[in-house]
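To start, the structure under review is shown below, and the notes come after it.
All values below were derived from every heavy atom in this structure, side-chain atoms included, with hydrogens, water molecules and symmetry-related copies excluded. Residue numbers count from 1 along this sequence.
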Amino acid sequence: MIERHIILEGIDLVSFYGTGNAHLQLLKALFPKVRIVARDNIIKIMGEEQQTERLEQHIEQIRLHLAKYNKITEEDIINIINGTLPEADAAKGIIVYSTSGRPIKSRSENQQRLIDAYQQNDMVFAVGPAGTGKTYLSIALAVKALKEKTAKRIILSRPAVEAGEKLGFLPGDMKDKIDPYLQPLYDALEDMLPGAKLQDMMEKHVIQIAPLAFMRGRTLSDAVVILDEAQNTTPAQIRMFLTRMGWNTKMIITGDMTQIDLPREQKSGLKEALRILTGIEGIGVVELTKKDIVRHRLVTRIVNAYEAADKATKSEER
């Protein structure tokens, strides 16, 4: 009688065991000669050496499948054990899979340029209008790095600039005031990582989300660091942020020059950084356009209408 202990890491346990432990019961039915006992993230199996070794290998295959696709079905488990699971379509340019199993990949030529620039450079500026997937793709690339263990942490930041609202008058403590500004980052993460796993990573500071002001004095190493809404940084703020870069770190800076919420007399740090840093080796710059918008088709029409209005206003001022 052989006893083996298997530790499940990097996956959502509810998804692994199945609703009502359905997946665990399926494994028990497929391996009737092996006793299987599960508690939290530890599975204990007891039986003949050949059977327990085979089951341990299949459990690891199931774990890897779930870690990659964020979901697994009873059919998948049966196919894994029978060795008939179809090969993954890795050649399709898929970055990661959403929690629903939807493949996340580029949907336009410029989005692919962003992915390529990330792979070829340690720092990338992605600039373009709302809805072009700048932030979402950047976070997908960071999640991929975490899953593949090429980075140990994801650090996400935004400047806490009021878009026409006063931060001090919002109710609650500092976290309550700041969280609404960071919600788009939470939304993207929740689309790519199961809730329990995301919560665990945030509690362990594997994933950190913080306002830009909290970056001062830190050295960010072994991480993918994303600064979102960078058009709302001052020159001093973005300079401070860019110089936080440590060893084995990649940075992605995203922004939309048409949505600057700084006071009229304040210069945008992103605009200045692009002027100073474009052309430096190791820094990539990708410009997305309204052709890359992947939200509701009305977003493209809205962007076009505002661009036309802005041009008309400038013509009148002349």
Side-chain angles (χ1 to χ4, degrees), residues 1-90 94-104 139-140 142-154 186-209:
M1 179 77 70
I2 299 294
E3 181 174 310
R4 299 173 187 267
H5 291 246
I6 304 165
I7 300 175
L8 302 173
E9 294 181 319
I11 57 168
D12 178 54
L13 294 177
V14 174
S15 299
F16 181 89
Y17 290 126
T19 305
N21 286 330
H23 296 164
L24 184 62
Q25 297 304 322
L26 176 60
L27 286 174
K28 290 180 178 180
L30 293 169
F31 288 85
K33 295 182 180 180
V34 179
R35 186 175 176 219
I36 304 173
V37 179
R39 177 171 292 179
D40 296 328
N41 70 326
I42 299 174
I43 298 178
K44 182 167 69 174
I45 56 176
M46 294 158 283
E48 296 178 2
E49 183 172 3
Q50 188 175 359
Q51 283 283 307
T52 56
E53 182 180 1
R54 180 166 167 255
L55 176 55
E56 184 176 21
Q57 290 173 350
H58 287 317
I59 287 174
E60 176 61 9
Q61 288 176 310
I62 293 167
R63 188 193 71 80
L64 290 173
H65 182 95
L66 181 56
K68 180 174 183 179
Y69 296 101
N70 284 320
K71 73 169 188 175
I72 194 160
T73 64
E74 291 186 17
E75 183 181 0
D76 291 331
I77 292 171
I78 293 170
N79 287 336
I80 286 171
I81 291 170
N82 291 336
T84 56
L85 191 69
E87 288 294 320
D89 49 354
I94 295 168
I95 305 172
V96 289
Y97 289 82
S98 72
T99 51
S100 64
R102 174 178 55 83
I104 297 172
I139 292 177
V143 169
K144 178 183 174 71
L146 204 60
K147 287 189 172 189
E148 294 180 348
K149 301 187 186 304
T150 57
K152 294 180 182 178
R153 297 181 294 166
I154 296 175
Y186 288 110
D187 291 343
L189 285 169
E190 287 170 354
D191 198 32
M192 300 175 206
L193 293 167
K197 184 178 176 183
L198 174 58
Q199 185 65 33
D200 181 61
M201 285 179 164
M202 293 187 71
E203 288 175 358
K204 293 177 178 176
H205 301 292
V206 174
I207 295 177
Q208 302 172 29
I209 304 179

Practice task
May I ask you to check whether Gln57 and Gln61 show a side-chain donor-acceptor distance below 3.5 Å?
Solution key: no
Ignoring hydrogens and geometry, is there a side-chain-to-backbone donor-acceptor pair from [X] to [Y] under 3.5 Å?
X	Y	answer
Asp200	Ala196	no
Asp12	Ser15	yes
His5	Ile42	no
Arg153	His205	no
Asp76	Thr73	yes
Lys71	Thr99	no

Exercise for the section: Could you check Ile139, Ile95, Ile104, Thr150 and say which one makes a side chain to side chain contact (heavy atoms under 4.5 Å, CB included) with Lys144? Expected result: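 That would be Ile95.
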Completion exercise
For residues 27-40, the side chain to side chain donor-acceptor pair (under 3.5 Å) pairs (sequence neighbours left out) are none
Exercise for the section: Kindly compute the distance separating CG (Leu198) from OH (Tyr186), expressed to the nearest 0.5 Å. Expected result: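 Result: 9.0 Å between the selected atoms.
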Exercise for the section: Could you check if a side-chain atom of Leu8 sits within less than 4.5 angstrom of a side-chain atom of Ile59, using non-hydrogen atoms only? Expected result: yes
Practice task
For Lys68 and Tyr97, work out which heavy atoms get closest and say how close.
Solution key: O-CD1, 3.5 Å
Handout entry: Closest heavy-atom pair and its distance - Lys147, Leu193
Key = CE-CD2, 4.2 Å
